[in-house]
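The analysis underlying the following values was restricted to heavy atoms, covering all of them including side chains, and did not include hydrogens, waters or symmetry mates. Along the sequence shown, residues are numbered consecutively beginning with 1.
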Amino acid sequence: MLPHVESRDVAASVDKLLAKRGSALLSMKALIAAVREQTGTERSDADLAGLITKKAALLGLAVLSDLGGPDSGRPDLGRSPQDAGRKFS
């Protein structure tokens with residue numbers, strides 16, 4: 001199976017978006033949507049969020065992590081205080 005080849009450089013697109021947005025608090029959902037619109041990438045939300053987070057950290061920008069969580073219909077994978085001492089297999 002051949003690897004997926006993307007039409008545009010996703011990392012360069014993220015760099016341009018972050019530079020354009022400046023120091024304002026940025027929404028992860030909005031950034032992912034903008035990257036998808038500009039590049040047509042089929043990368044997962046998690047993959048794009050990781051790339052955006054790393055690039056934003058290098059630039060010293062804050063990104064609002066508004067993906068997932070208990071209200072989004074996705075499972076909350078964090079441990080509760082009651083589970084802190086339990087081992088999971």
Side-chain angles (χ1 to χ4, degrees):
M1 182 175 185
L2 295 174
H4 176 73
V5 178
E6 298 191 1
S7 59
R8 291 189 56 190
D9 187 4
V10 176
S13 179
V14 170
D15 285 335
K16 287 178 186 176
L17 279 171
L18 291 174
K20 185 171 78 171
R21 304 279 173 138
S23 62
L25 184 61
L26 308 170
S27 161
M28 185 63 74
K29 284 183 182 180
L31 287 169
I32 289 173
V35 170
R36 287 195 193 287
E37 182 180 315
Q38 288 183 2
T39 64
T41 186
E42 295 178 5
R43 289 186 184 189
S44 69
D45 284 357
D47 186 38
L48 290 173
L51 177 64
I52 291 167
T53 300
K54 288 177 185 177
K55 296 274 188 183
L58 287 172
L59 297 171
L61 300 174
V63 178
L64 176 65
S65 180
D66 53 358
L67 294 177
D71 298 336
S72 68
R74 294 182 183 177
D76 182 9
L77 300 178
R79 290 188 177 192
S80 69
Q82 295 82 10
D83 293 335
R86 294 176 50 197
K87 291 186 178 181
F88 294 89
S89 54

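Residues satisfying the side chain to side chain donor-acceptor pair (under 3.5 Å) criterion with Asp47, sequence neighbours excluded, are absent altogether. Every residue meeting the side chain to side chain donor-acceptor pair (under 3.5 Å) condition with Ser27, not counting sequence neighbours, appears here in chain and number order: Asp66.
Taking CG from Leu48 and CE from Met28, the interatomic distance works out to 9.5 Å, rounded to the nearest 0.5 Å. We find the CD1-CG distance between Ile52 and Asp45 to be 9.0 Å, quoted to the nearest 0.5 Å.
For the side-chain contact (heavy atoms from CB on, under 4.5 Å) with Thr41, the qualifying choice from Leu51, Ile32, Val35, Asp9 is Val35, the only one to do so.
Minimum interatomic distance between Leu31 and Leu26 (heavy atoms only, all atoms of both residues): CD1-CB, 3.8 Å.
Counting only distance, with no hydrogens or angles, the side chain of Arg43 and the backbone of Arg36 share no donor-acceptor pair below 3.5 Å.
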